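Quick caveat: nothing in here was measured; it's all calculated off a predicted structure. Lettering of chains follows the sequences in order, A, B, ..., and the numbering in each one begins at 1.
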Amino acid sequence: MAKLVIDNVDLFYHRVQALRGLTLEVNEGEIVALLGNNGAGKTSTLSMLSGLYRPKSGTVTWGDRDLTTMQPWDIVEAKLLHVPEGRRIFSTMTVHENLQLGGYLVDDQKLVDERIERAYELMPRLRERRNQEGGTLSGGEQQMAAIGRALVGGPKLLLLDEPSMGLAPLIVKQVMEIIKEVQAQGTTVLLVEQNARAALRIADRGYVIESGTVTMEGAASDLRTNSKVIDAYLGA
Amino acid sequence: MTQLIWNGLFVGSFYALVAIGYSMVYGIIKLLNFAHGDVYMLGSFTGFLLLGSVSGLLGTWSLPVLLLVLLLSMLFTGTIGVIIEKVAYRPLRSSPRLAVLITAVGMSFVLEYGIRQIFGPSPRVFPVRLAGDPIFFLDARITLPQIVLMVIAAALMYFLQRYVMKSREGRAMRSIALDTQASLLMGVNVNKVISRTFFIGSALAGAAGVMAGAYYGSIDFLMGFIIGLKAFTAAVIGGIGNLYGAMLGGLVLGLLESFGTNWLGGQWRDVFAFACLIAFLSFKPTGLLGERVSERM
């Protein structure tokens, strides 16, 4: 069982501390929501998991792998994929090329084509737009393309950074359903969100982080009814 | 008129080959590699040495031998390009742009005066000189070697275009140019792809160097300086960072020069070329095909 364990991690950008003793776990097969406001350390957590930044102290393990010593491309090779904040679609490349890039490390071209086909089945809008440049898509379509691109890498663990950002409520719902479906097909998901309501609807468990440290954790159903969470993140 | 166009396209295809390397490297790491013209010079000298060592086999000129020498020289200059990136530019990747730019200028001097140490300051005569009886086509005087060199240049550019636009590695190159961090998240080993880009760009410059040596007959250690600046001009005209732009820019610059010299006289050639550079930088800094406004160095 490949369990993700972040234990007592400190992370700095130059002199600014982004994570302070962060500790959390993601079990295989779960959707775990990571909630918090701007600057709480959500994106830093994901960037660290992808090998873009190294923690100053603490351990990060996934199964028997030590993620703090691996290069970003080795982490992708191990099937941990990251859908970054703001989608980061390659704007002058077509949707299809974007999806192909998701399979950059997959040597079997037939497998890549199969996975692209599955992504198109999951998100038919992408098939309609396959020859369009990524930059011409709507926000929701770009989010789907970004998720589809990561799926072509065949993720065992998928990190999603604010997939609902800037999307209309109806589209947010669609995206959340896609994420649920991805989990149903056997991928573990760590979902970073400011939209706590949408995230807790599909998550199994959740963490709330503030200033780089976990302040609350529990089953998603408990967090949804927790008065502090309601006041701080779910609004009226 | 047809003669001017032909001359322009011929010289332009050399500019295009060198400009491609300039532009690809700029596209991917936003570095103006001022040592690039000197890699072209290095190509000439490699061709010079190789041709010299097999000259016993040569008659007046033999195409297979020239092609083999071309290929070996490309491998050599490509490897040198990779080494240059590794030794001089990679350690400075997160340094301010200006530091890398100055390093590139320094690298240019290293190559120029390194070659001067080995081969001396005076021009060398290339062991083969591609000459041939002219063919007249629509009043233009065209020689067979010119056609052969143009075909080689076009073939190289065709294969490059296929590679960049259709292959997995080509996609990775384009993705880094667009968004390096997102490429990392796709599992692209950025260091490898940058090395590969330097290899290809330097190999093409080396090819142009060998062909120029074989065509003009005389080479020297500073020959890369002007062509480097011309290639930069071509890259800017086409839209720096854009592959098709580099090819188009090379041909356009060749044509501009050809017509410019015809009106102003041969001594104005470089003045005219660089006046075009200044005009483009002032009025259309994104070039003919560039979309994004390029950052100023």
Side-chain angles (χ1 to χ4, degrees), chain A residues 14 43 46-53 70-94 96-109 112-113 133-135 142 145-155 158-161, chain B residues 23-24 26-30 86 90 93-96 161-197 238-246 248 286-295:
Chain A
H14 302 290
T43 298
L46 296 195
S47 303
M48 175 186 72
L49 292 173
S50 313
L52 300 180
Y53 299 107
M70 291 168 74
Q71 293 293 333
W73 42 89
D74 295 327
I75 290 173
V76 174
E77 180 101 66
K79 308 253 177 276
L80 191 164
L81 280 105
H82 179 168
V83 180
E85 187 178 8
R87 357 290 186 201
R88 307 284 279 269
I89 290 297
F90 300 108
S91 57
T92 59
M93 298 169 76
T94 65
H96 197 74
E97 285 179 317
N98 268 280
L99 294 180
Q100 285 176 313
L101 262 167
Y104 175 72
L105 288 179
V106 183
D107 284 324
D108 180 357
Q109 195 49 48
V112 173
D113 292 341
E133 283 189 2
Q142 286 197 5
I147 294 173
R149 188 173 65 175
L151 291 180
V152 178
L158 185 63
L159 313 177
L160 292 157
D161 199 345
Chain B
S23 206
M24 282 174 74
Y26 182 84
I28 206 160
I29 55 171
K30 303 287 176 279
K86 222 170 218 159
R90 186 170 301 180
R93 191 150 326 139
S94 49
S95 310
Q161 183 270 342
R162 295 285 300 179
Y163 177 78
V164 171
M165 300 314 287
K166 302 282 178 208
S167 79
R168 176 164 72 165
E169 299 304 337
R171 271 199 296 278
M173 257 177 212
R174 286 183 287 144
S175 79
I176 292 180
L178 289 169
D179 186 338
T180 309
Q181 206 172 57
S183 309
L184 275 172
L185 297 181
M186 302 296 105
V188 175
N189 184 335
V190 173
N191 291 337
K192 264 193 200 163
V193 176
I194 291 174
S195 286
R196 205 171 280 136
T197 307
I240 194 153
N242 182 311
L243 177 63
Y244 296 117
L248 179 68
T286 53
L288 296 172
L289 301 182
E291 292 134 26
R292 293 165 298 173
V293 178
S294 52
E295 287 168 70

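Using a 4.5 Å cut-off on side-chain heavy atoms (C-beta onward), A:W73 and B:L185 make no contact. Between B:S183 and A:F90 the shortest side-chain heavy-atom distance falls below 4.5 Å. Counting only heavy atoms from C-beta outward, the side chains of B:L178 and A:T92 approach each other to under 4.5 Å.
To the nearest 0.5 Å, the span separating CZ on A:R88 from CG on B:L184 amounts to 10.0 Å.
We find that B:R168 and A:D107 are joined by a salt bridge, their nearest charged nitrogen and carboxylate oxygen being less than 4.0 Å apart.
Neither the backbone nor the side chain of A:E77 comes within less than 4.5 Å of any heavy atom in chain B. For a residue to count as touching a neighbouring chain, one of its non-hydrogen atoms must lie under 4.5 Å from one of that chain's; by this rule A:L52 touches chain B with the side chain only. Neither the backbone nor the side chain of A:R87 comes within contact range of chain B; no heavy atoms are under 4.5 Å apart.
Of the listed residues B:V190, B:N189, B:V188, the one with more heavy-atom pairs under 4.5 angstrom with chain A than any other is B:N189. Per-residue heavy-atom pair counts under 4.5 Å with chain B were compared for A:L101, A:L105, A:V152, A:I75, and the maximum is reached by A:L101. Comparing A:Q100, A:Q109, A:Q71, A:H82 by how many heavy-atom pairs each has under 4.5 Å with chain B, the most go to A:Q100.
With a 6.0 Å radius and a threshold of 12 heavy atoms from other residues, nucleotides or ligands, B:R162 has its CZ atom at or below the threshold.
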* Asked: When you look at B:M186 and A:V76, which way does the side chain to side chain contact (heavy atoms under 4.5 Å, CB included) test go after all the steps?
  -> CA-CA 7 Å; B:M186 302 296 105; A:V76 174; over 6 Å; no
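Of all heavy-atom pairs between A:M93 and B:R171, the closest is CE-O, 3.8 Å.
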